[in-house]
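One structure below.
We're numbering straight along the sequence, starting at 1. On a predicted model such as this, the values are computed, not experimentally measured, just so you know.
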Amino acid sequence: MAERDKDASVESRRILDRIAREADSSGSSLVSRTVKRARDHVSAADVDESDWVDHLGTRIGRVLGLVICVGLLAWLVMFLVRGA
């Protein structure tokens, strides 16, 4: 009986350690990781910088997409607020 309790205790500690490691991913919060990912995406951090045309075109395209998305969201909010 004592051996079974010891095995259960070891297993519980292993599970709790794993949960702690998965929950503490580099000490940053979900919001800060998401903001960093979005910033890297818009600034084209994933594009090969040796091809400056591709890098610049990707940045322009992603910024335009972001501006259009924000504009459409603003239009939708104004449309809904007016009650049209």
Side-chain angles (χ1 to χ4, degrees):
M1 184 89 165
E3 186 175 319
R4 197 176 343 164
D5 288 341
K6 184 179 178 184
D7 290 342
S9 175
V10 169
E11 179 70 15
S12 298
R13 287 184 194 279
R14 187 186 64 78
I15 291 171
L16 289 173
D17 288 341
R18 181 175 173 204
I19 290 171
R21 274 183 287 153
E22 289 176 358
D24 184 35
S25 59
S26 73
S28 60
S29 69
L30 176 66
V31 174
S32 65
R33 286 189 310 243
T34 304
V35 168
K36 182 184 180 314
R37 259 190 14 222
R39 183 178 57 238
D40 288 347
H41 178 75
V42 171
S43 67
D46 58 340
V47 177
D48 183 22
E49 292 185 24
S50 64
D51 185 7
W52 66 273
V53 174
D54 186 34
H55 184 71
L56 186 62
T58 302
R59 288 181 80 175
I60 291 170
R62 289 178 180 179
V63 168
L64 281 175
L66 181 64
V67 168
I68 290 170
C69 182
V70 169
L72 285 173
L73 285 173
W75 172 80
L76 177 65
V77 167
M78 288 189 312
F79 180 76
L80 292 174
V81 168
R82 289 184 192 162

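Of the inter-residue distances, the one linking Arg59 atom CZ with Leu56 atom CG reads 7.5 Å to the nearest 0.5 angstrom. Distance check, rounded to the nearest 0.5 Å: CG of Asp46 to NE2 of His55 gives 9.5 Å. From Asp54, atom CG reaches atom CD of Glu49 across 11.0 Å, with rounding to the nearest 0.5 Å. Interatomic distance, Leu76 CG to Leu80 CG, rounded to the nearest 0.5 Å: 4.5 Å.
In terms of modelled atom types and a separation under 3.5 Å, the side chain of Ser12 and the main chain of Ala8 share a donor-acceptor contact.
The same ILVMFWY cluster, assembled from side-chain heavy atoms under 4.5 Å apart, contains both Val42 and Val67.
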**OP:** Step by step, work out the side chain to side chain contact (heavy atoms under 4.5 Å, CB included) result for Arg62 and Leu66.
**Re:** CA-CA 6 Å; Arg62 289 178 180 179; Leu66 181 64; over 6 Å; no
Given the rule in the salt bridge (charged side-chain N to carboxylate O under 4.0 Å, His left out) test, do Lys36 and Asp40 qualify, once you have shown the distances and angles that lead to the verdict?
CA-CA 6 Å; Lys36 182 184 180 314; Asp40 288 347; 2.9 Å; yes
